[in-house]
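Accompanying notes for the structure given below.
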Amino acid sequence: MASSGQVSFKLEDHPKLPKGKRIAVVVLDGWGEYKPDQYNCIHVAQTPTMDSLKQGAPDRWRLVRAHGNAVGLPTEDDMGNSEVGHNALGAGRIFAQGAKLVDLALASGKIYDGEGFKYISESFEKGTLHLIGLLSDGGVHSRLDQLQLLLKGASERGAKRIRVHVLTDGRDVLDGSSVGFVETLENDLAKLREKGLDARIASGGGRMYVTMDRYENDWDVVKRGWDAQVLGEAPHKFKNAVEAVKKLRENANDQYLPPFVIVDDNNKAVGPIVDGDAVVTINFRADRMVMLAKALEYQDFNKFDRVRFPKIRYAGMLQYDGELKLPSRYLVSPPEIDRTSGEYLVHNGVRTFACSETVKFGHVTFFWNGNRSGYFNPQMEEYVEIPSDVGITFNVQPKMKALEIGEKARDAILSGKFDQVRVNIPNGDMVGHTGDIEATVVACKAADEAVKMILDAIEQVGGIYVVTADHGNAEDMVKRNKSGEPLLDKNGDLQILTSHTCQPVPIAIGGPGLAPGVRFRSDVPNGGLANVAATVMNLHGFVAPNDYETTLIEVADN
Ligand SMILES: O=C(O)[C@@H](CO)OP(=O)(O)O
Ligand SMILES: [Mn+2]
Ligand SMILES: [Mn+2]
């Protein structure tokens with residue numbers, strides 16, 4: 001495909017649907033459809049607005065696929081996530097996503113032929129190779145098997161001294177599973193040591209407390225990681241990472257383990273990052289690596305005191321931000337998500353407002369626009385970020401900023417300044433990830449109330465709404481066996497599911513502006529999130545580009 005500059009962005013008029021309607025596009029984060037039982041927080045919560053939309057089935061409410069191949073993930077067992085979900089929603093096509101691209105590059109060995117690997121390998125002779133990233137098999141941000149292959153590949157290609165800086169998960173995988181992942185990694189590193197390499201875990205910490213913040217919500221998170229990874233300083237020092245994780249888990253869960261460094265017999269950190277080293281951030285997913293990438297790459301940087309800014313060769317597993325070209329070196333080329341619906345609509349006169357609170361702000365902007373930061377056209381777009389609460393787990397504040405997002409969206413709709421008002425309502429997902437069932441019920445109710453505010457505004461202005469979600473989470477809070485029964489752990493306790501799910505998500509259309517006869521087609525039974533972009537373009541009065549996934553709607557002649 002030609003680069004954006006050479007593409008004609010002119011969209012054809014829809015033969016039946018008018019232009020000029022105000023449209024609210026509402027994405028409920030982590031809101032799937034699942035059987036109604038006590039672990040389905042959406043079912044347990046009072047959600048009258050979302051319930052009422054369901055009554056529009058099958059013409060104005062249906063389910064769409066939000067996981068696996070439908071969003072470009074390697075297998076049908078891969079749960080959906082915000083990045084791939086919003087990419088699909090915004091781009092209208094299914095791109096092979098980071099997880100898959102890295103798999104392919106590792107399987108073919110092409111990863112080692114690329115510029116990025118060549119660049120870092122120039123440090124192998126004299127320096128240390130540091131690998132920093134999320135340690136689990138969740139497949140949302142990273143995958144253990146990819147790390148294992150990379151360790152093997154790098155060691156076969158000259159890396160002599162390797163340090164791994166682990167971030168424990170418990171969010172895309174069960175809490176407590178980090179112990180096993182660290183043990184597995186330790187075994188792998190021991191095997192490398194048997195071959196004469198000097199390979200060790202150097203530092204660690206829980207992903208939500210160390211390093212993996214996003215959208216600049218809390219730089220302290222990145223600083224804690226920096227101190228451990230680069231400076232070799234942390235409040236907790238251990239000789240061994242398995243011991244570290246076991247001990248620190250006494251007071252925190254995997255997501256929130258405090259930072260630790262591994263020290264030698266003289267209490268000296270075994271793997272600070274120093275001049276001449278190579279660093280690879282092994283996550284393929286962008287949002288929670290961008291901040292660290294900036295700290296590692298930018299000469300001018302004032303977000304926290306780095307104390308030392310080592311001269312390193314740094315590469316991302318992928319390039320995380322296509323607009324900022326960050327990082328400038330990377331091992332695998334990211335999916336080329338071009339010609340997103342946002343870019344088309346702006347070129348066709350659709351004025352857009354997008355809003356969420358910080359922790360999801362990039363979802364309806366950066367991810368929506370194909371992992372591209374910034375506006376396409378600042379005259380036509382306004383993106384508003386509502387500051388998220390900082391330093392808390394969201395089960396203590398399950399309403400989050402849902403109301404504020406609802407208000408901002410309402411005001412934007414009523415202002416008449418925008419044709420599309422797009423929001424992400426985070427509650428089901430962010431609170432669902434805490435595993436706190438009661439709080440997640442409160443979260444779902446708050447999300448429903450925010451939807452109501454937006455639909456009321458749409459009602460007032462004679463507009464149209466499209467309400468959907470990016471993947472499941474709050475609709476199922478327990479791990480289950482194949483027949484759907486909740487699983488207990490060896491102590492007889494319920495195994496709480498903090499992760500996303502593979503469930504489909506709802507999509508509803510309606511509002512006074514929806515032309516009579518508009519209904520969901522019955523011939524797209526496998527429709528997924530990527531079909532939503534063409535649908536929204538139709539509702540704005542345009543036909544989607546040919547190569548977009550087909551629209552979900554038709555206009556019946558009444
Ligand atoms: O918090 C995150 O990073 C992921 C889970 O790993 O959730 P989401 O995809 O909804 O952003
Ligand atoms: Mn999400
Ligand atoms: Mn999530």
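Indexing begins at 1, ligand by ligand and atom by atom, following the structure's order.
Salt bridge present: Glu33 and Lys54 bring a charged side-chain N and a carboxylate O closer than 4.0 Å. Electrostatic pairing of Arg143 and Asp103 counts as a salt bridge here, judged by a charged N lying under 4.0 Å from a carboxylate O. Taking the charged nitrogens against the carboxylate oxygens, Asp254 and Arg171 have no contact shorter than 4.0 Å, which rules out a salt bridge. A salt bridge between Glu549 and Arg93 is absent, with no side-chain N of the basic residue lying under 4.0 Å from a carboxylate O of the acidic one.
Residue contacts to the Mn ion (ligand 3): His500 brings an N, O or S atom closer than 2.8 Å. Residue side and main chain included, Ser82 places an N/O/S atom under 2.8 Å of the Mn ion (ligand 2).
Of all the N, O or S atoms in Asp470, the one closest to the Mn ion (ligand 2) is OD2. His433 has its closest N, O or S atom to the Mn ion (ligand 3) at the position named NE2. The name of the N, O or S atom in Asp29 nearest to the Mn ion (ligand 2) is OD1.
At distances below 3.5 Å, at least one donor-acceptor pair connects side-chain atoms of Thr535 with backbone N or O atoms of Leu552. In this structure a side-chain-to-backbone donor-acceptor pair under 3.5 Å is present from Glu76 to Asn69. Between the side chain of Asn40 and the backbone N or O of Asp476, no donor-acceptor pair lies under 3.5 Å.
When only interatomic distances are considered, the shortest N/O to N/O separation between His471 and ligand 1 falls below 3.5 Å. Considering backbone and side-chain N/O of Asp429, one or more are found under 3.5 Å from N/O of ligand 1. Between Asp287 and ligand 1, no pair of N/O atoms sits closer than 3.5 Å.
In the vicinity of Arg288, heavy-atom distances shorter than 4.0 Å reach the ligand 1 atoms 1 (O), 2 (C), 3 (O). The atoms of ligand 1 that sit less than 4.0 Å from any heavy atom of His363 are 11 (O). Atom numbering of ligand 1 starts at 1 in the shown order; those under 4.0 Å from a heavy atom of Val140 are 6 (O).
Ring geometry, Tyr215 versus Phe367: the interplanar angle exceeds 60°, so the pair is classed perpendicular (tilted spans 30 to 60°).
Both the backbone and the side chain of Asn81 come within 4.0 Å of ligand 1, judged by heavy-atom distances. Within the 4.0 Å heavy-atom criterion, neither part of Met212 lies near ligand 1. With a 4.0 Å heavy-atom cut-off, ligand 1 is reached by the side chain of Arg207 but not by its N, CA, C or O. Within the 4.0 Å heavy-atom criterion, the part of Asp29 lying near ligand 1 is the side chain and not the backbone.
Atom 5 (C) of ligand 1 has Asp172 OD1, 3.0 Å as its closest protein atom, hydrogens excluded (heavy atom only). Of the protein's non-hydrogen atoms, the one nearest atom 10 (O) of ligand 1 is Ser82 OG, 2.5 Å.
Applying the 6.0 Å contact sphere to CD of Gln148 captures more than 12 heavy atoms from other residues, nucleotides or ligands. Within 6.0 Å of the NZ atom in Lys445, the count of heavy atoms belonging to other residues, nucleotides or ligands does not exceed 12.
Ligand 1 is never approached by Met430 to a heavy-atom distance shorter than 4.0 Å. Ligand 1 has at least one atom lying under 4.0 Å from a heavy atom of Lys360.
Taking CZ of Arg214 as the reference point, atom CD of Glu216 lies at 13.5 Å (rounded to 0.5 Å).
Residue pairs meeting the salt bridge (Lys or Arg N to Asp or Glu O under 4.0 Å) criterion with at least one partner in residues 35-53, sequence neighbours excluded, are Asp37-Arg480.
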